[in-house]
2 protein chains.
Amino acid sequence: MTNINDPSLRSWIEVSEDNNFPIQNIPFGIFCTNEKSPRVATAIGDYILDLATLAELGYFNTIPFDKQVFHQTYLNDFIALGKPITNAVRARISDLLNINNNTLRDNEEDKTKVLHSISSVQLLMPVKVGDYTDFYSSREHATNLGKMFRDPENALLPNWLHLPVGYHGRASSIVVSGTPTIRPKGQQFPKGAATPVFGKSKLLDFELEMGFIVGKKTDLGASVSTQQAEEHIFGLVLFNDWSARDIQKWEYVPLGPFLGKSFASTISPWVVTLEALAPFKVDSPVQDPEVLPYLKFEGKKNYDIHLEIELQTAHGGSKVISRSNFKYMYWNMCQQLAHHTINGCNINVGDICASGTISGPEPGSYGSMLEICWQGTKPISMPDGTERTFLQDGDTVIMRGFSKGDGYTIGFGGVESKIAPAIKHEL
Amino acid sequence: MTNINDPSLRSWIEVSEDNNFPIQNIPFGIFCTNEKSPRVATAIGDYILDLATLAELGYFNTIPFDKQVFHQTYLNDFIALGKPITNAVRARISDLLNINNNTLRDNEEDKTKVLHSISSVQLLMPVKVGDYTDFYSSREHATNLGKMFRDPENALLPNWLHLPVGYHGRASSIVVSGTPTIRPKGQQFPKGAATPVFGKSKLLDFELEMGFIVGKKTDLGASVSTQQAEEHIFGLVLFNDWSARDIQKWEYVPLGPFLGKSFASTISPWVVTLEALAPFKVDSPVQDPEVLPYLKFEGKKNYDIHLEIELQTAHGGSKVISRSNFKYMYWNMCQQLAHHTINGCNINVGDICASGTISGPEPGSYGSMLEICWQGTKPISMPDGTERTFLQDGDTVIMRGFSKGDGYTIGFGGVESKIAPAIKHEL
């Protein structure tokens, strides 16, 4: 059987070396057009491939599953089929797109029905999110925040090196790339003020994260070990965890972030499977002190995924303001899931667990404006002559993630959103 | 038109004065039997009324809505019809159950089809919860915890009197009354230990709360004012927010409660509508300092709902260990919802917002073992001769909530769960 990760594979659809969607990727997403209702697709080069229509044309007849899953408005039912089926679907797609396979390649009529240029379709929210958890698993990020807000000499709190700290986030406000982000309003307590004030957030920020999509449910009471965890992870998305630092700072003690985060999170439209990312597995950072047995793991559990953040201003001008990497995570996804379920908390298909801000060791690799501009003390110069310490209305934040293979790139297609002004408040 | 809250109304089904389900209540829930698939019901006295079958028999023909909502496994689609319809359904049920109405009363064949004794059916989870938020709105509770864990002289944190502090909770592990609660395992840092340890929670606790069910969605970016809030609240449930104090204590800084709570929350099977509770509205506590304009409200927004907690031990013996009241809430539900959405966070039908532990001013009215036994320093004596500071395996916790009208009682039917031993951990 063909190894669908084989770097030498090529598609009859031309894919440049930097394109995020070579035949080795085969991510999953949801799209619609004026003519087509929302449905499941994969991406190949600059095209999307309509899997619902492909199934209707009989191309998946050899794989036993209910083809209606491709006509759903979310990937959940497809994902819930389980890895034996979803991996077989990926293998079949790889086979159909292979340059040496003439089945679809030479069928112009079918190709017209199933291929669309990516720019001609609307990409929708890929999954219906049940629960969303945000971890805080970058040591560099946690250390930076500890230095700013607590004690520079004891930046990490006592529990941080012993467990992957996390909290529940708001699922309803997770939206797909392209959705504008409306500047939130809320209660703040500015430095020097006598009492709290109400107003629009002045310290609007992004957080560069990745999220994994749960692919296999558990029952209440069950735990997933680090060894089993990959069976329960379908794939990854880019995740922008928008944060209003002024709202967050005033509200978060003692129960954690709430309105400073819940106004929006934005994810990439494409879910890249764990299987597509397998060639990019790398060793995790050494964990010292030694972790408790339920958090121990074997093998490579981190992923070498280059990350970058581009900031575009409203009146032209754009700049990559950070380059980080998913490999920096101190706590890996298997540890996160083992910890999340060690108390018996049940997980469902479509749940998202985000990594927390992924900051690297150098200033050029930080994952938030808070860190990049160090609490507003180090403004960034933009090409249009303006400066930024936090985000302004009209700014667009684009995050990209990609792994470099031999002659190809596995990517997420980016997550992008423009800041819209706050909505006027009517009491 | 009849006022369906009229205390003089009586049903042809006999309902004792203390029964939670008089004709003035008409709550909604989901049930099934061996013969009947899950469907919508109301409760009247010791009976449940099968609304799906009642609709099939034509009893709701005068109200224009898709009767399939009664055949769903959750109330969400019914609730989403909106208050004009759901209130019309309640009025019609009230009319059909009225002692002076012979339509159903004298139709023995139909009565056999639609009435079941409550004890003969299985009550199921009433709503599919999208997002779950837990507030922390009892001043007495927040003060008690501040005294125990922080500074007795400055028990409330600076933000507490200015905004209803809240956090996102885990929706997947909210279960219906009767579901056993499995003692969670997790990481803890016991006093005097050199390093954190793994084990079952030794400090398992309940929290006496009420939760409101969102009945009307909003779009991302929209805010709900305190004045509009009641339009968005369908009804209330009793809510037991189980808490593992040892897990919670070690994990919760700086991002809030996570595994110490996410192993389970238990709700009552019956959702009592805001309309049924309207006669029990009372003034809210005076808020000083004055709140910001978006948190101001007019009229009575608290509810006089008596609450009690009964603890049963495995080997017999039972004791009411606390009597509290929902009226004690410092922050009311309208303020909670206005705050929750002030940043543009969208809400969906079926979301639950819980109150936080409802402690009254006296020791006999505290809402958690942590407070009742004051961090383990004041054990409770049980009738079987044992003592409790936290919950033991085999203990059953029953919470009840009811409002006393003139000759009738509006109640929730209780929320009950027995503690099951921790599941052995296999690595």
Side-chain angles (χ1 to χ4, degrees), chain A residues 130-131 133-134 136 157-159 162-163 165-173 175 179 182 184-187 189 195-198 220-223 225 244 247 250-260 262-264 289 292-294 339-340 342-348 351 423 425-427, chain B residues 130-131 133-134 136 157-159 162-163 165-173 175 179 182 184-187 189 195-198 220-223 225 244 247 250-260 262-264 289 292-294 339-340 342-348 351 423 425-427:
Chain A
D131 276 286
T133 299
D134 196 24
Y136 184 58
L157 285 163
N159 57 12
H162 295 282
L163 56 85
V165 171
Y167 66 103
H168 306 292
R170 182 80 188 175
S172 71
S173 54
V175 293
T179 311
I182 304 167
K185 308 176 291 288
Q187 198 174 133
F189 202 141
T195 56
V197 299
F198 172 80
L220 198 61
S223 302
S225 69
I247 296 172
W250 172 231
E251 74 175 357
Y252 93 105
V253 175
L255 299 180
F258 183 44
L259 302 187
S262 65
F263 59 95
L292 281 166
Y294 81 94
H339 184 64
H340 202 319
I342 192 64
N343 69 340
C345 177
N346 55 331
I347 55 173
N348 287 306
D351 289 349
I423 294 171
H425 185 59
E426 322 263 2
L427 272 182
Chain B
D131 276 287
T133 300
D134 195 23
Y136 184 57
L157 286 164
N159 58 11
H162 294 283
L163 56 85
V165 170
Y167 67 102
H168 307 292
R170 183 79 189 178
S172 72
S173 54
V175 293
T179 311
I182 304 166
K185 307 175 293 286
Q187 199 173 132
F189 202 141
T195 56
V197 300
F198 172 80
L220 198 59
S223 302
S225 68
I247 296 172
W250 172 232
E251 75 176 356
Y252 93 105
V253 175
L255 299 180
F258 183 43
L259 302 186
S262 65
F263 59 95
L292 282 165
Y294 81 94
H339 184 65
H340 201 319
I342 192 64
N343 70 341
C345 177
N346 54 332
I347 55 173
N348 287 306
D351 289 350
I423 294 172
H425 185 60
E426 321 262 1
L427 271 182

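Chain A is the first sequence line, chain B the second, and so forth, proteins listed ahead of strands; every chain is numbered from 1.
In this structure, A/Trp250 and B/His162 have tilted ring planes: the angle between them lies in the 30° to 60° band.
Contact count against chain B (heavy-atom pairs under 4.5 Å) is highest for A/Asn346 among A/Ile247, A/Leu163, A/Thr195, A/Asn346. Highest contact tally toward chain A, considering only B/Pro184, B/Gly260, B/Cys345, is held by B/Cys345 [criterion: heavy-atom pairs under 4.5 Å]. Contacts with chain A were tallied for B/Ala264, B/Gly221, B/Ala222, B/Pro196; B/Pro196 has the most, counting heavy-atom pairs under 4.5 Å.
Proximity to chain B (any heavy atom under 4.5 Å) is shown, for A/Asp134, by neither the backbone nor the side chain. Residue contact with chain B, scored on non-hydrogen atoms closer than 4.5 Å, involves the side chain of A/Leu157 exclusively. Interface residue B/Leu220: backbone and side-chain heavy atoms are both found under 4.5 Å from chain A. Interface residue A/Ile342: backbone and side-chain heavy atoms are both found under 4.5 Å from chain B. When heavy atoms are compared at a cutoff of 4.5 Å, B/Thr133 approaches chain A solely by way of its side chain, counted from C-beta outward. In this structure, chain B has a heavy atom under 4.5 Å from the side chain of A/Val175, while its backbone stays farther away. With a 4.5 angstrom heavy-atom cutoff, A/Ile423 touches chain B only via side-chain atoms. If you measure heavy-atom distances from A/Ile182 to chain B, the contacts under 4.5 Å come from the side chain alone. Neither the backbone nor the side chain of B/Pro289 comes within contact range of chain A; no heavy atoms are under 4.5 Å apart.
Remark: side-chain polar atoms of A/Asn343 are not paired, donor with acceptor, to backbone N or O of B/Gly186 under 3.5 angstrom. Although no hydrogens or angles enter the test, the distance criterion places no donor-acceptor pair under 3.5 Å between the side chain of B/Gln187 and the main chain of B/Val197. Side-chain N or O atoms of A/Ser173 include one that pairs as donor or acceptor with a backbone N or O of A/Ser262 at under 3.5 Å.
Side-chain contact, A/Asn348 with B/Ser172: no donor N or O sits under 3.5 Å from an acceptor N or O.
Remark: A/Asp131 does not engage A/Arg170 in a salt bridge, criterion side-chain N to carboxylate O under 4.0 Å.
Nearest heavy-atom pair across B/Val165 and A/Leu255 is CG1-CD1, 3.9 Å.
Between A/His340 and B/Phe258, the ring center distance clears the sub-6.0 Å criterion.
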